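One is the number of the first residue; the rest follow in order along the sequence. On a predicted model such as this, the values are computed, not experimentally measured, just so you know.
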Amino acid sequence: MTKTLRWRQIFTGSILAILVVAAFVPILMMLSMSFRNTIAIYTQYWGWPWPIQWSNYLYAFQYLIGPAARTIYICVASVTGISIIASLSAYALARLNFVGKRIIYAMIVGLMMVPGVVLLTPDFILATWLHLRNSANGLVAFYVGGGLLFAIFLLRTFFQSLPEELFEAARIEGATEWQALWHIAIPLSRPILITVGILNFLAIYNDLLWPLLMISNPARQTLAMALVNFAPTGSAAGALSNFSQPQLGIIAGGYVVASIPMVLVFVFGLRYFVQGLTSGALKT
């Protein structure tokens, strides 16, 4: 290894380390704020969180548990629907021959190029006409429809890359296309399916604009909507002051609580997520 190459690697590693630290500083500060009260945050912003204010998390959990459970249901139902319908559609486009196959795939690719914000108005009118507003199942229906295009695109590419000999051997043994899909295609495509699931889960979990249009009943709001309205206030100096301001520690605790499902999903699916991205990059 030459001296120039070694210094270049040291420089690159240093830049990456600085970027990683810069990315984690806001997260660490949010965690620190979530364990302190408002006065401690204002007087010693970079101070150590002591004494720990566990009540911040208790208050945030009580307020956000309902919207969080509702949002997780919407995410799980939507991801399940996307995975099932996209698998069937992608397998048909990749392994079967039927009239209009190329036209259907071209339409799917064409619809992927349409910005999602352009569809907000027609989707809102359709949801109103179908009486799907103010319901979790209404959100699920539109999330499934919106997430199918990209999922079909990825799965079709992966299914096409699978060796044809596997399916020919299964057909010789008397397997139907349903059996070939369930016993060959689905097991081999588990990493890409988990990747599609994680991407859709994160997108739906963090979505705010569409729930704001669909949900007008505060009792049915999603987690993102609840976080927008999550601004508990209190006295800055106890009974000696009438000045009320946002309780930053409780708000930060709410953000931490809201981040837990996303972190868990990504941590437990990280290995499959990386495999899915790698396979998608190598398959042609």
Side-chain angles (χ1 to χ4, degrees), residues 23-24 26-31 33-34 56-83 114-128 130-151 195-233 246-270 273:
F24 273 93
I27 299 175
L28 295 177
M29 290 311 304
M30 181 179 69
L31 288 172
M33 290 171 58
S34 68
N56 292 345
Y57 282 93
L58 179 61
Y59 186 96
F61 185 80
Q62 290 176 346
Y63 181 83
L64 298 174
I65 183 61
R70 194 175 302 111
T71 301
I72 291 175
Y73 163 75
I74 293 172
C75 292
V76 172
S78 301
V79 169
T80 302
I82 291 171
S83 301
V114 179
V117 68
V118 176
L119 303 176
L120 287 177
T121 299
D123 283 348
F124 179 79
I125 295 174
L126 181 61
T128 303
L130 295 174
H131 303 286
L132 293 176
R133 294 185 59 200
N134 284 315
S135 69
N137 292 330
L139 288 174
V140 170
F142 281 90
Y143 281 137
V144 171
L148 279 177
L149 298 176
F150 187 63
T195 300
V196 169
I198 291 176
L199 292 175
N200 282 283
F201 185 95
L202 296 180
I204 296 170
Y205 190 86
N206 292 311
D207 188 28
L208 174 62
L209 182 56
W210 184 239
L212 282 176
L213 293 175
M214 287 282 289
I215 306 297
S216 59
N217 187 349
R220 298 181 180 179
Q221 62 183 352
T222 63
L223 183 59
M225 296 173 64
L227 287 176
V228 171
N229 301 319
F230 186 59
T233 59
Q247 296 296 300
L248 300 181
I250 298 177
I251 295 174
Y255 292 148
V256 173
V257 171
S259 303
I260 292 175
M262 291 189 296
V263 174
L264 293 177
V265 167
F266 198 78
V267 167
F268 287 105
L270 180 60
F273 183 78

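- By the 4.5 Å heavy-atom criterion applied to side chains, Val117 and Leu120 are counted as neighbours.
- Rounded to the nearest 0.5 Å, atoms CG (Asn206) and CE (Met262) are 4.5 Å apart.
- No hydrogens or angles considered: nothing links the side chains of Tyr143 and Asn200 as a donor-acceptor pair under 3.5 Å.
- At a threshold of 4.5 Å between non-hydrogen side-chain atoms, the residues Thr222 and Pro67 do not count as touching.
- In this structure, CZ in Phe142 is found 11.0 Å from CG in Leu213, a value given to the nearest 0.5 Å.
- In this structure, the side-chain contact (heavy atoms from CB on, under 4.5 Å) partners of Arg220, at least two apart in sequence or on a different chain, are Asn134, Ile215, Asn217.
- When side chains are defined from C-beta on, Gln221 counts as touching Asn229, because their heavy atoms get closer than 4.5 Å.
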Taking distance alone, no hydrogens or angles, what donor-acceptor pairs closer than 3.5 Å link side-chain atoms of residues 72-79 to residues at least two apart or in another chain?
| from | atom 1 | to | atom 2 | distance (Å) |
| --- | --- | --- | --- | --- |
| Tyr73 | OH | Asn137 | OD1 | 2.8 |
| Ser78 | OG | Ile74 | O | 2.7 |

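- Here the closest non-hydrogen pair linking Pro211 and Leu139 is CA-CD2, 4.2 Å.
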With side-chain contact (heavy atoms from CB on, under 4.5 Å) as the criterion, how do Leu223 and Arg70 come out once you've worked through the C-alpha distance, each side chain's angles and the decisive distance to 0.1 Å?
CA-CA 8 Å; Leu223 183 59; Arg70 194 175 302 111; over 6 Å; no

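- Rounded to the nearest 0.5 Å, atoms CD1 (Ile204) and CG (Asp207) are 8.0 Å apart.
- Separation of atoms CG (Leu64) and OH (Tyr57) is listed at 12.0 Å; rounding is to 0.5 Å.
- To the nearest 0.5 Å, the span separating CG on Leu132 from CZ on Phe124 amounts to 12.0 Å.
- For the pair Gly253 and Ala60, the tightest heavy-atom approach, listed with the atom from each and the gap, is C-CB, 3.9 Å.
- When Leu199, Val144, Val140 are each tested for a side chain to side chain contact (heavy atoms under 4.5 Å, CB included) with Ile82, only one passes: Val144.
- One distance of note links CD1 of Ile260 with CZ of Phe61; it measures 8.5 Å at 0.5 Å rounding.
- Contact annotation: the side chain of Met33 never approaches that of Asn56 to less than 4.5 Å [non-hydrogen atoms, C-beta and beyond].
- With sequence neighbours excluded, the residues forming a ring pair (Phe, Tyr, Trp, His ring centres under 6.0 Å) with Tyr205 are Phe201, listed by chain and number.
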